[in-house]
Amino acid sequence: MTVARALLGATVRVGDRAVRLVETEAYVAGDPASHTFRGPTRRNRSMFGAPGTLYVYRIHQVVCANLVTRSGEAVLLRAGEPLGLLAVNPSGPGRLCAVLGLTIGDDGTDVTRDGRIRLYGRLRRPARIAVGPRVGIRRAVDRPLRFAEAGNRWVSRPRPSA
DNA sequence: GAAAAGATTACCT
DNA sequence: GGTAATCTTTTCC
């Protein structure tokens, strides 16, 4: 979850589209809410890959992207601030992936080697980081593993206050 | 092979 | 604030 905080303010670029991350969630080993909780499966195999591997999964009719930090642990990219002149709304995991053009086909991509998908350092440091419970899950709901840039308009609702 | 659950989103009350 | 849409993966018989 150290990485989840460090990613706030970082830039993610996919092809010619880029966003500045303003909201993330950490999923760690032994976390009942994590897809890795019950061991490796066909879907989450990339989440056990090397750090920097992209874990993309489909839920309902939407896809969400994670960045693997350690084997079995990953950071969910929840929202970003559009860079450039994008008339889009990357506020929310599904929307963010749609904006970046990420698909299930990008699952398992190594961000440190792939040229299309890349991570950049922070443009500017978040003024204040808000921490709160994660959203949308049914297990371990109370764990404060959600991180967002305080006051940023692109943070998805409900906005963490602490 | 069939049923249930899910890290979502949008729309209705 | 609550529920439906919608569909893939997982899990159980």
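Within every chain, numbering begins at 1; the chains are lettered A, B, ... in the order of the sequence lines, protein sequences first and strands thereafter.
Between the CZ atom of F37(A) and the C1' atom of dA7(B) there is a distance of 15 Å, given to the nearest Å. With rounding to whole Å, D142(A) atom CG is found 15 Å from dA7(B) atom P. Taking atom CZ of R42(A) as the reference point, atom C1' of dG6(B) lies 18 Å away to the nearest angstrom. The distance from atom CE of M47(A) to atom P of dG6(B) is 16 Å, rounded to the nearest whole Å. Straight-line distance from the CG atom of D107(A) to the C1' atom of dT9(C): 13 Å, rounded to whole Å. N89(A) has its CG atom 13 Å from the C1' atom of dA10(B), to the nearest Å. Computed from coordinates, the R78(A) CZ to dT9(B) C1' distance equals 11 Å when rounded to whole Å. Taking atom CD1 of I104(A) as the reference point, atom P of dT8(C) lies 10 Å away to the nearest angstrom.
Which of dT9(C), dG6(B), dT9(B) sits closest to the side chain of P93(A) comes down to dT9(B). Of the listed nucleotides (dT10(C), dG6(B), dA7(B)), dG6(B) has the atom at the smallest distance from the side chain of R139(A).
Annotation: proximity of residues 48-62 of chain A to DNA chain B (heavy atom, distance under 4.0 Å) is found for Y55(A), Y57(A), I59(A), H60(A), numbered in ascending order.
Note on T41(A): a side-chain N or O is less than 4.0 Å away from OP1 or OP2 of dT10(C). Regarding contacts with the backbone of dA5(B), every side-chain N or O of R138(A) stays at 4.0 angstrom or more from both OP1 and OP2.
Annotation: side chain of R146(A) is in contact with side chain of P160(A) (closest heavy-atom distance under 4.5 Å). The side-chain heavy atoms of Y27(A) and L76(A), taken from C-beta on, include a pair separated by under 4.5 Å.
For R134(A) and E25(A), the salt-bridge test fails: no basic side-chain N is under 4.0 Å from an acidic carboxylate O. Taking 4.0 Å as the cut-off between side-chain N and carboxylate O, R20(A) and E149(A) count as a salt-bridged pair. We find that E81(A) and R124(A) are joined by a salt bridge, their nearest charged nitrogen and carboxylate oxygen being less than 4.0 Å apart.
With P as the reference atom, dT3(C) and dA5(B) are 16 Å apart, rounded to whole Å.
Between R95(A) and I137(A), the residue whose closest nucleotide on DNA chain B is further toward the 5' end is I137(A).
The pairing partner recorded for dT10(C) is dA3(B), the criterion being a Watson-Crick or G-U wobble arrangement whose two distances lie under 3.5 angstrom.
Heavy atoms from other residues, nucleotides or ligands lying under 6.0 Å from CZ of R116(A) number more than 12. By the 6.0 Å contact criterion, CZ on R122(A) is enclosed, its count of non-hydrogen atoms from other residues, nucleotides or ligands being greater than 12.
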